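Order of the sequence lines fixes the chain letters, A, B, ..., with proteins taken first and strands second; residue numbering starts at 1 for each chain. This structure is a prediction, so every number in the text was calculated from the model and none was measured.
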Protein chains: 2
Amino acid sequence: MSLIDKLERFLSTRGLKMTSQRKVILETLESIPYHVTLDELLVAVQQNRSGVGQATIYRTMKLFVEAEIVEEHRFDDGITRYEIYEEGEHHDHLICLSCGKIIEFEDELIEERQNAIAEQFGIRITTHKMELYGHCVDIKACRAHKQNS
Amino acid sequence: MSLIDKLERFLSTRGLKMTSQRKVILETLESIPYHVTLDELLVAVQQNRSGVGQATIYRTMKLFVEAEIVEEHRFDDGITRYEIYEEGEHHDHLICLSCGKIIEFEDELIEERQNAIAEQFGIRITTHKMELYGHCVDIKACRAHKQNS
DNA sequence: GTGCTTGCAAACTGTTTGCAACTAA
DNA sequence: TTAGTTGCAAACAGTTTGCAAGCAC
């Protein structure tokens, strides 16, 4: 099922409407690699269709989060980023504080352990957030990555 | 070494000054249990000594973070919280989304695993953040906790 | 036509900053 | 005396919201 279909389905179950803005935003999102900033998204969307207000982007992204079309991340720099949500594909993040590179990873062992710990404290986990911050060991590649972003 | 001593030492190494505001803020912090909000702290400080501006609280907390007197946490509700820093006592957080209870925990196994993963991706970890969000299994206790906060 | 959506600008929240007065050393 | 510090208010960044006009169904 394409994301447009997913969106259409979501909207109709709620009595909401499909609009050209929502379509453009979704298409733009799909064309951009992971972890877009709202600002980046705004600029990109306006290249596809000028006159889309930023309030619309904000509202639409909240809607997309509800529709499970995107996932929202707020890392320590305070800037909210979005990426397309993949069913059952939870992952965590590894972030280089020098160059800003964001790496995704997944670890079965840690997840299990988290659940065990939570259970021990009488809490059932619904979501979690794990971010590892550090610095690239390869200084050259790090510097190069910084230039490009 | 008391925290006041620690602060004094930190200030002198930087050529900064001890002031009555810094003293009051630190004393107030020590009298409050974990995870204070800036607002809560402001109110509490002003009960001890009126006329302390909120800008001073903000500036002082940043200073205390640098001095390793407090630790700063920004959980998903977007509100920054502080707690007194304990040397070598890193811990993560388990948060009930129903009642707001915050539990601290520490897990050697997870930490090791995190380092292994980071190394694999060529990054040396300096800090990390792990927050587990869920709901208390004991509904009664949960409701009671919510009342009190 | 009805009611959801949009763009704009204004409002809001949490935080930072410029500045003149003040104070620790 | 002199440089750091404070309180105030204004500035800021990111986000939300009220509203009249516009558009999907």
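Put simply, A:R22 has a side-chain N or O that comes within less than 4.0 Å of OP1 or OP2 on C:dT5. Between B:T80 and C:dT15 there is a side-chain polar atom (N or O) within less than 4.0 angstrom of OP1 or OP2. Taking only side-chain nitrogens and oxygens, B:Q21 comes nearer than 4.0 Å to OP1 or OP2 of D:dG7. Residue B:T56 has a polar side-chain atom (N or O) positioned under 4.0 Å from OP1 or OP2 of D:dG7. Taking only side-chain nitrogens and oxygens, A:Y58 comes nearer than 4.0 Å to OP1 or OP2 of D:dT15. Close to C:dT6, at under 4.0 Å from its OP1 or OP2, lies a side-chain N or O of A:T19.
Note: CZ (A:R81) to P (D:dG14) measures 11 Å, nearest angstrom. Computed from coordinates, the A:E8 CD to D:dA24 C1' distance equals 12 Å when rounded to whole Å. Across the protein-nucleic acid pair, A:K23 atom NZ and C:dT6 atom C1' stand 16 Å apart, rounded to whole Å. To the nearest angstrom, C1' of C:dT13 lies 15 Å from CG of B:L42. Note: CD (B:Q54) to C1' (D:dA11) measures 13 Å, nearest angstrom. To the nearest angstrom, C1' of C:dT6 lies 12 Å from CD1 of A:I57. One can place CG of B:L63 at 13 Å from P of C:dT16, the figure rounded to the nearest angstrom. Straight-line distance from the NZ atom of B:K17 to the C1' atom of C:dA24: 5 Å, rounded to whole Å.
Aromatic ring pairs are classed by plane angle as parallel below 30°, tilted from 30° to 60° and perpendicular above 60°; the pair B:H73 and B:H91 is tilted. A:F105 and B:F121 have tilted rings, their planes meeting at an angle from 30° to 60° on a 0 to 90° scale.
Screening B:H35, B:R81, B:E131, B:K129 for a side chain to side chain donor-acceptor pair (under 3.5 Å) involving B:H93 leaves a single residue, B:H35.
With hydrophobic clusters built from ILVMFWY side chains whose heavy atoms lie under 4.5 angstrom apart, A:F64 shares a cluster with A:F10.
B:R14 contributes no side-chain N or O that forms a donor-acceptor pair with the base of D:dG4 under 3.5 Å.
Residues A:T60 and B:A55 each lie close to DNA chain C; by heavy-atom proximity, the contact nearer the 5' end of the strand is made by A:T60. Both A:R59 and A:L38 lie near DNA chain D, and the one whose nearest nucleotide falls closer to the 5' end is A:L38. Judged by closest nucleotide on DNA chain C, A:L16 is the one of A:L16 and B:I79 placed further toward the 5' end.
Nucleic acid contact for B:G15: sugar-phosphate only, since backbone atoms but no base atoms lie under 4.0 Å from a heavy atom of the residue.
Taking the side chain as every heavy atom from C-beta outward, B:Y85 and B:V65 never approach each other to under 4.5 Å.
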